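Everything on this sheet refers to the single structure shown next.
Nothing here was measured: the structure is a model prediction, and the numbers come from that model.
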Amino acid sequence: DEAMRERHWKKLMRTTETTFNMDDKFVLEHLLAANLYKFADPVSEITEQARQEVKIDLALTKIENTWGNLVLEYEPFRQTGVSTLIMPGEVYEALDDNESQLQNMMGNRFMHFFELQITDWKNKLAKTRSVIDIWMEVQRAWCSLESIFLGSEDIREQLPEDAKRFDQVDSDFREQMNVAKEQSSPIEAAMQDGREEVFNKCQASLDLCQKSLSEYLEVKKKKFPRFYFVAPADLIDILSKGRYPPAVQEHFSKFTDNTGRIDFIKDDEGKETGVCRGMTSTDNEYVPFSTEYSCEGAVEDWLYGLMEHSCQEVRLSLKEAINTFVELPRNEWLYKYPAQMSLTTGQVWWTTEVNSAFERLEQGNENALKDYLQTVIGGLKTLVDLVLGKLSKGDRIKFITLITVEVHARDIVQRLITQRVDNAGAFAWQSQLKYRWDDDSDNCLINIADAEMNYCYEYVGNTGRLVITALTDRCYITLTQA
């Protein structure tokens with residue numbers, strides 16, 4: 001049997017109490033002389049041991065070759081001058097496979113000859129996994145916090161103790177990476193004296209830094225809840241640039257519905273100041289402020305004030321649009337106000353006119369709803385004529401959106417007529433989403449069935465609108481009732 005080694009032959013001799021030389025002169029006759037048939041079970045055990053040990057030997061050789069060919073790769077991280085470890089996917093695959101193989105070997109009853117090798121490999125791979133795991137955790141945390149604690153003066157001022165703590169981590173991590181980038185072997189890199197201890201120490205410090213940072217950011221979020229919608233990295237950037245409001249421009253769309261930019265007044269030198277006079281949506285619709293707003297104080301304070309101011313400006317513009325709807329010719333009125341105000345005003349007056357039609361119907365005017373239906377159709381015709389003409393991109397989107405909503409309004413009025421609805425209390429009308437201006441509270445309210453909500457005046461820009469279907473109406477009533 002080719003699996004038999006010198007140690008196995010010696011064991012065979014001891015078992016059979018015979019001796020023979022394993023050389024070129026060894027022939028079958030020598031084995032027959034040993035009367036092996038008298039020792040069938042022990043001999044069978046020896047040959048099985050030989051075969052199993054060959055398999056273990058081959059597996060250990062394969063493991064050694066695998067780790068001899070595996071390498072760690074590094075890449076520069078931004079402009080820091082630090083080379084970071086690229087996620088070692090092949091190393092983790094090899095760890096999973098080889099650790100499982102070694103565990104199986106430990107359970108083999110014929111592993112004693114290779115026990116030291118198996119144990120040595122198990123310890124090496126366990127150490128390699130442990131070091132690479134903590135290494136990747138520390139690296140991930142360092143990469144996310146590096147620009148925050150080293151690049152943000154605001155954070156360093158607010159969290160001085162954690163800034164010092166991170167400085168020490170940064171020094172230790174850079175030192176380890178400067179050495180590690182010269183070590184391509186995973187095992188060599190993992191076995192570096194003191195590396196695991198340094199990384200464990202760094203991880204403990206980074207956890208403290210992350211905890212302090214999270215608590216600091218949580219305070220900011222509570223003061224300005226819209227920060228909960230902003231990614232931590234972006235929030236840090238906002239906080240670090242908050243002393244100069246125009247520098248926060250790029251982040252407005254992340255915590256508003258559709259505010260792309262704020263129009264800041266420029267000084268004599270052409271530099272933007274912290275005084276706002278309008279806002280622009282991400283689709284380039286501009287809404288001027290009737291009164292300027294000065295962004296002063298902590299960033300979360302002036303952002304909160306600015307959002308309140310922008311909502312107030314939308315409310316004032318909406319109120320003006322509602323009041324001038326019947327005073328100005330429709331062609332002129334449509335160009336005067338932003339899309340949101342035009343759309344909401346149309347819905348407010350639609351609710352008012354339908355309710356008025358019901359009042360006339362109750363007073364005996366049987367054609368009240370039919371007359372209003374013709375008014376709605378006439379308004380649609382005006383919009384269609386405008387869309388067929390030459391328009392700017394923004395006006396075209398606005399008019400198409402108005403057409404979408406008013407087509408639905410026409411369909412509802414037609415349905416009320418078809419179903420012979422004769423009073424405003426009927427469910428066919430109550431189940432519709434209705435906007436109205438309440439003079440007592442001086443606010444726009446939204447009603448549907450028995451639900452009443454305040455219009456929030458969040459600026460939504462000049463966006464399109466999907467066709468409103470019966471399913472849409474059911475969604476409105478389901479969501480509002482919920």
Side-chain angles (χ1 to χ4, degrees), residues 257-258 285 287 310-328 330 333-334 336-359 369 372-373 375-376 379-380 382-383 397-416 421 423-482:
D257 190 286
N258 197 12
E285 181 186 61
V287 178
S310 66
C311 289
Q312 181 65 11
E313 289 293 334
V314 171
R315 191 186 75 84
L316 293 174
S317 181
L318 176 59
K319 182 179 179 180
E320 180 186 331
I322 292 171
N323 291 333
T324 59
F325 184 77
V326 293
E327 298 174 1
L328 298 173
R330 188 159 172 80
W333 181 89
L334 285 168
K336 185 174 176 63
Y337 298 99
Q340 181 176 353
M341 293 61 162
S342 300
L343 189 63
T344 307
T345 297
Q347 292 174 296
V348 167
W349 274 102
W350 174 68
T351 303
T352 302
E353 293 294 345
V354 172
N355 284 328
S356 297
F358 277 125
E359 290 177 5
L369 279 173
Y372 180 58
L373 177 60
T375 301
V376 174
L380 269 173
T382 300
L383 289 170
I397 293 173
K398 177 169 73 172
F399 293 156
I400 290 174
T401 304
L402 285 168
I403 288 173
T404 301
V405 173
E406 295 203 12
V407 163
H408 177 255
R410 178 202 64 190
D411 293 344
I412 296 301
V413 175
Q414 181 65 63
R415 189 187 308 162
L416 295 174
V421 177
N423 67 86
F427 183 73
W429 173 240
Q430 288 297 312
S431 63
Q432 296 302 313
L433 193 66
K434 302 178 291 295
Y435 292 70
R436 67 185 180 87
W437 188 268
D438 183 66
D439 292 328
D440 293 335
S441 62
D442 203 29
N443 267 317
C444 182
L445 302 178
I446 303 172
N447 295 92
I448 182 168
D450 60 350
E452 182 173 85
M453 295 149 284
N454 288 318
Y455 188 81
C456 293
Y457 307 105
E458 174 78 12
Y459 178 55
V460 299
N462 184 17
T463 55
R465 182 74 72 87
L466 295 175
V467 174
I468 304 172
T469 65
L471 177 60
T472 314
D473 287 331
R474 285 198 289 272
C475 289
Y476 287 156
I477 196 166
T478 302
L479 292 170
T480 53
Q481 290 300 306

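In terms of modelled atom types and a separation under 3.5 Å, the side chain of Thr478 and the main chain of Cys475 share no donor-acceptor contact. Here the side chain of Thr480 pairs a donor or acceptor atom with the backbone of Ile477 at under 3.5 angstrom. Under a 3.5 Å cut-off, the side chain of Arg415 and the backbone N or O of Ala428 do not form any donor-acceptor pair. A donor-acceptor contact shorter than 3.5 Å is absent between the side chain of Gln430 and the backbone of Ile448. The backbone N or O of Glu313 lies less than 3.5 Å from no partner atom in the side chain of Ser317, so there is not a single donor-acceptor pair. Within the 3.5 Å criterion, the main-chain N or O of Tyr372 finds no donor-acceptor partner in the side chain of Glu353.
Contact annotation: the side chain of Tyr459 never approaches that of Asp257 to less than 4.5 Å [non-hydrogen atoms, C-beta and beyond]. Considering only heavy atoms from C-beta on, Asp473 stays 4.5 Å or farther from Leu433 through its side chain. For the pair Arg465 and Leu343, the minimum side-chain heavy-atom distance is below 4.5 Å. Between Trp333 and Ser342, the closest side-chain pair of non-hydrogen atoms falls below 4.5 Å.
Between the side chains of Tyr337 and Glu320, at least one donor-acceptor pair of N or O atoms lies under 3.5 Å. A side-chain donor-acceptor contact under 3.5 Å links Trp429 and Asn355.
To the nearest 0.5 Å, the span separating CG on Leu380 from OG1 on Thr375 amounts to 11.5 Å. With rounding to the nearest 0.5 angstrom, the CD atom of Glu458 is 6.5 Å from the OG atom of Ser310. With values rounded to the nearest 0.5 angstrom, Leu373 atom CG is found 10.0 Å from Leu416 atom CG. Rounding to the nearest 0.5 angstrom, the gap separating the CZ atom in Arg330 from the CG atom in Leu334 is 5.0 Å. Considering CD of Glu285 and NZ of Lys398, their distance stands at 7.0 Å, rounded to 0.5 Å. Taken from CG in Leu318 to CE in Met341, the straight-line distance is 7.0 Å, to the nearest 0.5 Å.
The shortest non-hydrogen separation linking Val460 to Asn258 is O-ND2, 2.9 Å. Here the closest heavy-atom approach between residue Trp437 and residue Val348 is recorded as N-CG1, 4.0 Å. Leu369 and Val413 make their closest contact through O-CG1, 3.9 Å (heavy atoms, listed as atom of the first residue, atom of the second, distance). Here the closest non-hydrogen pair linking Ile397 and Thr463 is CG2-C, 4.3 Å. Summarising the geometry of Asp442 relative to Arg315, their closest heavy-atom pair is O-NH1, 2.7 Å, with the distance given to 0.1 Å.
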- Task: Decide side chain to side chain contact (heavy atoms under 4.5 Å, CB included) for Asn323 and Lys319; before the verdict, give the C-alpha distance in whole Å, the side-chain angles of both, and the deciding distance to 0.1 Å.
- Result: CA-CA 6 Å; Asn323 291 333; Lys319 182 179 179 180; 3.8 Å; yes
- Residue pair Gln481, Asp450: steps toward the side chain to side chain contact (heavy atoms under 4.5 Å, CB included) verdict: CA-CA 8 Å; Gln481 290 300 306; Asp450 60 350; 3.1 Å; yes
- Query: Which is it for Trp350 and Glu406 under the side chain to side chain contact (heavy atoms under 4.5 Å, CB included) test, yes or no, and what are the steps along the way?
  - Reply: CA-CA 9 Å; Trp350 174 68; Glu406 295 203 12; over 6 Å; no
- Task: Please report the C-alpha distance between Thr345 and Tyr435 in whole Å, then the side-chain angles of each, then the deciding distance to 0.1 Å, and finally whether the side chain to side chain contact (heavy atoms under 4.5 Å, CB included) criterion is met.
- Result: CA-CA 8 Å; Thr345 297; Tyr435 292 70; over 6 Å; no
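By the neighbour-count criterion of 12 heavy atoms within 6.0 Å, atom CG of Leu479 is densely surrounded, having more than that number from other residues, nucleotides or ligands.
In this pair, Tyr455 and Tyr457 present their aromatic rings perpendicular. The plane angle is above 60°, beyond the 30 to 60° band.
Each of Ile446, Thr352, Leu445 was compared with Arg436 under the side-chain contact (heavy atoms from CB on, under 4.5 Å) criterion, and only Leu445 meets it.
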